[in-house]
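Here is the structure we will look at, set down as structure tokens.
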Amino acid sequence: MAEGGSRYLKEPFEIHEQRFEATERIMELQFSQVDRRLGRIEALIEGLERRLWMTVYGVVAVILTQAVQGILEYAPR
């Protein structure tokens, strides 16, 4: 069966459709790559945050230990 219409009218639309599909695939790959990178960055930030809180807790523990030692030195025996 012959299709109606001239091939010169349909070919430009097919080319644009193929370009559009290729562009969509490229954008999907780019977004997936960005998503993976963001996942790695988030994991690194979480690790850094954990270390920061451990440091804060350590400093607070040292300060409290020194305060308790100071109180024990001046307490009556």
Side-chain angles (χ1 to χ4, degrees):
M1 287 206 141
E3 294 182 21
S6 171
R7 73 180 179 109
Y8 296 108
L9 291 175
K10 292 182 180 178
E11 281 182 6
F13 293 111
E14 290 174 359
I15 291 172
H16 288 300
E17 185 177 320
Q18 290 172 353
R19 284 184 183 167
F20 183 71
E21 289 172 359
T23 303
E24 282 183 336
R25 284 184 294 211
I26 290 171
M27 287 176 57
E28 183 179 330
L29 289 171
Q30 288 174 337
F31 281 121
S32 67
Q33 184 68 18
V34 167
D35 191 38
R36 265 189 269 141
R37 287 181 184 173
L38 285 175
R40 284 189 293 188
I41 290 171
E42 286 175 357
L44 289 172
I45 288 173
E46 286 176 7
L48 183 63
E49 185 179 12
R50 228 178 287 124
R51 284 187 232 148
L52 177 67
W53 280 112
M54 291 303 290
T55 303
V56 169
Y57 291 145
V59 169
V60 169
V62 168
I63 291 171
L64 288 176
T65 302
Q66 288 179 350
V68 169
Q69 285 177 350
I71 291 172
L72 290 177
E73 284 180 14
Y74 292 110
R77 294 183 185 191

Run the side-chain contact (heavy atoms from CB on, under 4.5 Å) test against E46 and tell me which residues pass, sequence neighbours left out.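 side-chain contact (heavy atoms from CB on, under 4.5 Å) check on E46 returns R50.
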What I'd like to find out is whether the side chain of E21 reaches to under 4.5 Å of the side chain of E17, using heavy atoms alone.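 Result yes, sub-4.5 Å side-chain heavy-atom pair found.
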Considering non-hydrogen atoms only, spot the tightest contact between T65 and A61 and give its length.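 Closest approach of T65 to A61, heavy atoms only: OG1-O, 2.7 Å.
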Count the heavy atoms of every other residue, nucleotide or ligand shown that sit under 6.0 Å from CD of E28, and state whether that count exceeds 12.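 Incorrect, the count does not exceed 12.
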From CD1 (I26) to CZ (F31), nearest 0.5 Å: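 I26 atom CD1 to F31 atom CZ measures 12.5 Å (nearest 0.5 Å).
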Straight-line distance of I45 CD1 to L38 CG, nearest 0.5 Å: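 Rounded to the nearest 0.5 Å, the CD1-CG separation comes out at 9.0 Å.
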